[in-house]
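Reminder, nothing fancy here: chain letters follow the sequence lines and each chain counts from 1.
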Amino acid sequence: MIDVALLRSDPGGLAESFRRRGLTVDVDALVLLDEERRRARAAAEDLRASQNRAGKEIARLSGDEKVAAIAAMAELAEQYRTALADADALDFRFESQWMPLPNPPHSSVPVGHGEQDNVEIRRWGELPSFGFDPADHIDIGERLGIIDMERAAKVSGSRFAYLKGQAVFLEFALVQWALGRLAAEGFTPVVPPVLVRDPALFGTGFFPGAREQVYAVGVSDGEGNVTSDDMYLVGTAEVPLAAMLADEILPIADLPMRFAGFSTCFRREAGTYGKDTRGIFRVHQFDKVEMFAFVDPERSWEEHEYLVSVEESLVQALGIPYRVVDVCTGDLGDSAAKKYDIEGWFPGQGAYREITSCSNTTDYQARRLRIRCRGDGGTSIAHTLNGTAVAVGRTLIAILENNQQSDGSVIVPEVLQTTMGRDRLTP
RNA sequence: GGAGAGGUGGCCGAGUGGUCGAAGGCGCUCGCCUGCUAAGCGAGUAAGGGGUCAUAAGCCCCUUCGAGGGUUCAAAUCCCUCCCUCUCCGCCA
């Protein structure tokens, strides 16, 4: 949620921020509605104040005087009830328009309509050259017997996979290694709940906007009737990590607070029919280590650069060639003010594809979740940031495709060899 | 799943319709006092919203006693729904 102060102090700048995102928002109407609701609120509060004063008076009276005073109060009580209902209705109208508005992008964010307008800001690594036609991860995985999508489709439908054998050890080595590196950086490792209630999704900005991307759970009577439990499977550990400190006031001296959450992630991938259908690049379920930081609002931009640098150091250590892109306004999520994606090189596709994503959501999520910090200058809304440390599926693809050998084997990245207990995946 | 008890300020805890944003204690902050420490004395110590205003200070008002609704002139206190915690029983591991 955007700070309403912005609507009052700089409606023009706010309108411009929506234009940059390619949205048409009637900011002037919002300004008027905001004024109207405040007038209504003030009117209701004045009546309430009279009622409170009279109430204290009544407490002092007795007998006929008291009876008379109480009778005289009935009308005021009714007026207050009406005024309060008016104010509440206007608040509701305002909030329902205000809540869904996206975070104003940082001034440095490139303006654009979609992925194609993202701006590459740096590259790292040499693209591998093979003396043969590189296979894609599915061919490699099937040959090694470590990825089985056909049977997964039988059991769960499309966009699911069985990881087997050496892929399992590779996953756990990746996770173990990443958590170790992050713990050494001062991140607190967390295994959060992956099933959450409504407010966690609202607080992080996924609801109401992205409802169709989230799996809800409930009980079925076996005849197609499902009663919702009002519980939802998270699409990223960002949700339970952010909501973990909801309603709390953090001493500014304790900031930044950094967490590394490991979780399975569930995504419906609605609206992606026919997109990335081959392999495990886009699946309904995958595991991920996610970084999350609660920071002093003055420090969130340096934290953003820091988190990206951590992401890069991980990808570099794995030896995956990549580029960093500054995600354009049209491709930013609602809650992000700025986002960097790391796109790893996928020889099987001959393209750079997203393997991590790092957002500064400034005060947008924190305001919804009421996460504040307290310093010498009083309390203020904290800033929150999130970034992928290791998205297991996509990292696996990058490793398989970049490290494939002519004999069908795959070299295990050096940093994982000890944990895995082997240096090569073989059929 | 069944039965019961309970959720009050940073913490403990009193408060069953009005003078209660809330006794008392602890903690914390500042000051005094004191060879040091401890003790003692005094004062202060929630968050959010609105008005005035320079979106400062100050002042004024409103809201918040798990959440939401209701009864009432008036609700921490009465009623309903939900959430959470604890105890016992059952069930599962």
| task | Answer yes or no: are there more than 12 heavy-atom neighbours, outside A:Lys56 itself, under 6.0 Å from its atom NZ? | result | no
| message | Please determine whether the number of non-hydrogen atoms from other residues, nucleotides or ligands lying under 6.0 Å from atom CZ of A:Arg299 exceeds 12. | response | no
Output side-chain donor-acceptor pairs under 3.5 Å for residues 47-54 of chain A, partner residues at least two apart or in another chain, one line each.
| from | atom 1 | to | atom 2 | distance (Å) |
| --- | --- | --- | --- | --- |
| A:Arg48 | NH1 | A:Gln51 | OE1 | 2.8 |
| A:Ser50 | OG | A:Asp46 | O | 3.1 |

| Quick one: are the ring centres of A:Phe206 and A:Tyr232 less than 6.0 Å apart? | no
| Cationic tip of A:Arg353 within the cone over A:Phe346's six-membered ring, i.e. under 6.0 Å and within 45° of the normal? | no
| Can you tell me if the side-chain N/O atoms of A:Arg38 get under 4.0 Å from OP1 or OP2 in B:rG51? | yes
| Does A:Arg372 make a side-chain N or O approach to OP1 or OP2 of B:rG48 shorter than 4.0 Å? | yes
Given side chains that start at C-beta, do those of [X] and [Y] come closer than 4.5 Å, heavy atoms only?
{"X": "A:Lys275", "Y": "A:Glu269", "answer": "no"}
{"X": "A:Met257", "Y": "A:Leu245", "answer": "yes"}
{"X": "A:Asn103", "Y": "A:Asp334", "answer": "no"}
{"X": "A:Ile249", "Y": "A:Cys373", "answer": "no"}

Rounding to the closest angstrom, what is the interatomic distance between [N] and [M] at atom [atom1]?
{"N": "B:rU71", "M": "B:rC62", "atom1": "C1'", "result": "22 Å"}
{"N": "B:rU34", "M": "B:rU64", "atom1": "P", "result": "48 Å"}
{"N": "B:rG17", "M": "B:rC78", "atom1": "P", "result": "8 Å"}
{"N": "B:rG44", "M": "B:rA3", "atom1": "C1'", "result": "48 Å"}
{"N": "B:rG15", "M": "B:rG66", "atom1": "P", "result": "15 Å"}
{"N": "B:rG24", "M": "B:rG9", "atom1": "C1'", "result": "13 Å"}

| note | For nucleotides 53-62 of chain B, 5' to 3', base contacts (B), sugar-phosphate-only contacts (S) and non-contacts (-) with protein non-hydrogen atoms under 4.0 Å give --B-----BB
| message | Pairs counted only when both distances fall under 3.5 Å, Watson-Crick or G-U: show me the 5' to 3' dot-bracket for RNA chain B, [ ] for pseudoknotted crossings and | for other-strand partners. | response | ((((((((.[[[..)..(.....]]]((((((.......))))))(((((((.....))))))).[[[[[..)....]]]]])))))))....
Solution key, residues 82-89 of chain A side-chain donor-acceptor pairs under 3.5 Å, sequence neighbours excluded:
| from | atom 1 | to | atom 2 | distance (Å) |
| --- | --- | --- | --- | --- |
| A:Thr82 | OG1 | A:Glu78 | O | 3.0 |
| A:Asp88 | OD1 | A:Arg41 | NH2 | 3.0 |

Run the side-chain donor-acceptor check on residues 167-187 of chain A: report pairs under 3.5 Å with partners two or more places apart or on a different chain.
| from | atom 1 | to | atom 2 | distance (Å) |
| --- | --- | --- | --- | --- |
| A:Arg181 | NH2 | A:Ser313 | OG | 3.2 |
| A:Glu185 | OE1 | A:Tyr306 | OH | 2.4 |

| Contact class for A:Gln51 (heavy atom, under 4.0 Å): base, sugar-phosphate, or nothing? | sugar-phosphate
| When we call it a touch if two heavy atoms are under 4.0 Å apart, what does A:Arg374 touch: a base, just sugar-phosphate, or nothing? | sugar-phosphate
Atom pairs under 3.5 Å, N or O on each side, protein against nucleotides 84-86 of chain B: can you list them with distances?
| from | atom 1 | to | atom 2 | distance (Å) |
| --- | --- | --- | --- | --- |
| B:rC84 | OP1 | A:Arg197 | NH1 | 3.3 |

